[in-house]
K.L.:
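Mind having a look at this structure? Questions to follow.
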Amino acid sequence: RGVDRDREPGVDQWKPHEWFGAPVYDQAFNLTAPASQEFLREFCRALREEPCAAEGCQPAGTLIKTDPGSLSCFIEEFDLFNWGRRYEGEEFLARLREFRRRRRPLSDVEREDWSKSVGFVGGSLKFVQVRARMTLEQRRGGDVKRAVFAAVEAFLEQ
């Protein structure tokens with residue numbers, strides 16, 4: 001869900017590097033259900049193909065870069081790890097733990113392992129993250145960035 005920065009009184013908001021806040025997990029999050037897994041697969045497919053007409057998305061014309069390593073979607077690599085076999089419930093979680101422990105990411109967007117994108121907290125799966133390298137280059141002006149951010153928000157609202 002997000003971060004609750006109000007849980008700790010006396011934290012200096014101007015020093016976020018010292019304390020990021022307490023994570024607030026969505027209690028309804030459940031990736032063990034086949035429908036949730038399929039939603040994630042579809043989200044990754046759609047993100048990979050999402051057009052973007054904003055100046056900051058050019059010349060590619062897409063939200064994210066088009067080279068194969070620009071999107072890190074763990075569920076796709078999880079499917080490869082399992083030879084396409086689908087799992088659900090506790091069996092899904094057991095296979096996901098094994099995947100996280102044994103498999104290194106293929107994408108260069110993800111670093112050394114899956115620990116930041118497949119989040120087990122206290123033994124429970126609390127979050128997953130899809131990481132991508134956007135077409136928006138660094139050091140672009142505010143107007144260029146705003147148009148791209150608007151395209152990202154429109155994609156997320158679909």
Side-chain angles (χ1 to χ4, degrees), residues 1-5 7 16-17 19-54 56-138 145 147-158:
R1 285 198 142 203
V3 174
D4 182 359
R5 294 186 185 271
R7 279 195 182 171
H17 59 284
W19 186 77
F20 295 103
V24 178
Y25 300 111
D26 184 343
Q27 298 304 313
F29 178 73
N30 178 9
L31 202 57
T32 67
S36 299
Q37 296 171 36
E38 197 54 42
F39 174 86
L40 188 56
R41 288 180 188 96
E42 177 57 27
F43 176 86
C44 293
R45 187 203 59 75
L47 179 57
R48 189 176 280 113
E49 298 172 359
E50 183 66 16
C52 177
C57 295
Q58 305 311 315
T62 55
L63 275 181
I64 67 169
K65 294 188 179 211
T66 56
D67 58 294
S70 290
L71 178 66
S72 178
C73 184
F74 91 88
I75 196 79
E76 294 172 342
E77 291 189 44
F78 180 70
D79 289 344
L80 291 173
F81 177 77
N82 291 304
W83 298 93
R85 183 168 175 208
R86 305 289 170 90
Y87 295 91
E88 60 184 274
E90 288 302 318
E91 194 174 17
F92 171 82
L93 293 174
R95 291 295 296 172
L96 186 58
R97 283 185 187 92
E98 182 179 351
F99 165 79
R100 188 174 178 250
R101 186 178 65 253
R102 292 182 46 203
R103 186 70 170 252
R104 296 284 176 234
L106 298 174
S107 169
D108 61 344
V109 174
E110 198 66 48
R111 298 291 180 226
E112 301 166 12
D113 61 33
W114 292 106
S115 63
K116 296 215 184 322
S117 292
V118 180
F120 283 93
V121 178
S124 299
L125 181 63
K126 293 292 189 179
F127 68 89
V128 296
Q129 182 181 65
V130 173
R131 300 181 67 176
R133 186 169 295 115
M134 297 185 64
T135 52
L136 178 64
E137 298 295 332
Q138 294 181 358
K145 289 179 183 177
V148 175
F149 292 158
V152 170
E153 288 178 350
F155 169 76
L156 294 174
E157 289 175 4
Q158 294 179 24

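Everything numeric in this text was worked out from a predicted model, so none of it was measured.
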K.L.:
How close do Cys52 and Gln58 get, counting heavy atoms only, and between which atoms?
P.N.:
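In this case the closest contact between Cys52 and Gln58 is O-NE2, 3.0 Å.
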K.L.:
Would you say Gln37 and Tyr87 make side-chain contact, with heavy atoms under 4.5 Å?
P.N.:
no
K.L.:
With a 6.0 Å cut-off (strictly less than), is the heavy-atom count around CD of Glu112, excluding the residue itself, greater than 12?
P.N.:
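Atom CD in Glu112 is not packed in, count stays at 12 or less.
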K.L.:
Side chain to side chain contact (heavy atoms under 4.5 Å, CB included) between Val148 and Met134: does it pass, once the steps are laid out?
P.N.:
CA-CA 10 Å; Val148 175; Met134 297 185 64; 3.5 Å; yes
K.L.:
Can Arg103 and Asp113 be counted as an ion pair, charged N to O under 4.0 angstrom?
P.N.:
no
K.L.:
Applying side chain to side chain contact (heavy atoms under 4.5 Å, CB included), run through Ser107 and Leu71 and close with a yes or a no.
P.N.:
CA-CA 7 Å; Ser107 169; Leu71 178 66; 6.0 Å; no
K.L.:
Is there a side-chain contact between Leu125 and Asn30, using heavy atoms and a 4.5 Å cut-off?
P.N.:
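No, their side chains stay 4.5 Å or more apart.
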K.L.:
With a cut-off of 6.0 Å (strictly less than), are more than 12 heavy atoms of other residues, nucleotides or ligands near CZ of Phe29?
P.N.:
yes
K.L.:
Counting N and O atoms only, with roles assigned by atom type, does the side chain of Glu98 sit under 3.5 Å from a partner on the main chain of Ala94, one being a donor and the other an acceptor?
P.N.:
no
K.L.:
Applying side chain to side chain contact (heavy atoms under 4.5 Å, CB included) to Phe74 and Leu96, what does each step give before you reach the verdict?
P.N.:
CA-CA 10 Å; Phe74 91 88; Leu96 186 58; 3.5 Å; yes
K.L.:
Mind jotting down which residue pairs meet the ring-ring contact (aromatic ring centres under 6.0 Å, His included) criterion with at least one end in residues 97-136? Sequence neighbours excluded, please.
P.N.:
Phe78-Phe99, Phe81-Phe99, Phe99-Trp114
K.L.:
If we ignore hydrogens and angles and just use 3.5 Å, is the side chain of Arg133 paired with the main-chain N or O of Ile64 as donor and acceptor?
P.N.:
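Absent.
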K.L.:
Rounded to the nearest 0.5 Å, how far apart are CZ of Arg45 and CD1 of Ile75?
P.N.:
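Taking CZ in Arg45 and CD1 in Ile75, the distance rounds to 15.5 Å.
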K.L.:
Short question: side chain of Thr135, backbone of Leu63 - any donor-acceptor pair under 3.5 Å?
P.N.:
yes
K.L.:
Take Glu50 and Gln158 through the side chain to side chain contact (heavy atoms under 4.5 Å, CB included) test and state the conclusion after the steps.
P.N.:
CA-CA 11 Å; Glu50 183 66 16; Gln158 294 179 24; 3.4 Å; yes
K.L.:
Compare every heavy atom of Asp108 with every heavy atom of Gly69, then report the nearest pair and how far apart it is.
P.N.:
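Minimum heavy-atom separation between Gly69 and Asp108: O-OD1, 2.8 Å.
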K.L.:
Between the side chains of Arg41 and Asp79, is the shortest nitrogen-to-carboxylate-oxygen separation below 4.0 Å, so that they form an ion pair?
P.N.:
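Salt bridge present between Asp79 and Arg41.
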K.L.:
Would Glu77 and Arg104 count as a salt bridge (charged side-chain N to carboxylate O under 4.0 Å, His left out) here? Give the steps.
P.N.:
CA-CA 9 Å; Glu77 291 189 44; Arg104 296 284 176 234; over 6 Å; no
K.L.:
Check this for me: does any side-chain nitrogen of one of Arg95 and Glu91 sit under 4.0 Å from a carboxylate oxygen of the other?
P.N.:
no
K.L.:
Which is it for Glu90 and Thr32 under the side chain to side chain donor-acceptor pair (under 3.5 Å) test, yes or no, and what are the steps along the way?
P.N.:
CA-CA 7 Å; Glu90 288 302 318; Thr32 67; over 6 Å; no
K.L.:
How far apart are the closest heavy atoms of Arg97 and Gly123, and which atoms are they?
P.N.:
NH2-O, 2.6 Å
K.L.:
Assess, by modelled atom type and distance only, whether the side chains of Glu110 and Ser117 contain a donor and an acceptor separated by less than 3.5 Å.
P.N.:
yes
K.L.:
Between Glu137 and Lys145, does at least one N-O distance fall below 4.0 Å, as a salt bridge requires?
P.N.:
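A salt bridge is absent here (no side-chain N lies under 4.0 Å from a carboxylate O).
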K.L.:
Closer than 3.5 angstrom, by distance alone: can the side chain of Asp26 be matched with the main-chain N or O of Ala28 as a donor-acceptor pair?
P.N.:
yes
K.L.:
Side chains of Ser36 and Leu31: does their closest heavy-atom pair fall under 4.5 Å?
P.N.:
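In short, these two side chains touch, coming nearer than 4.5 Å.
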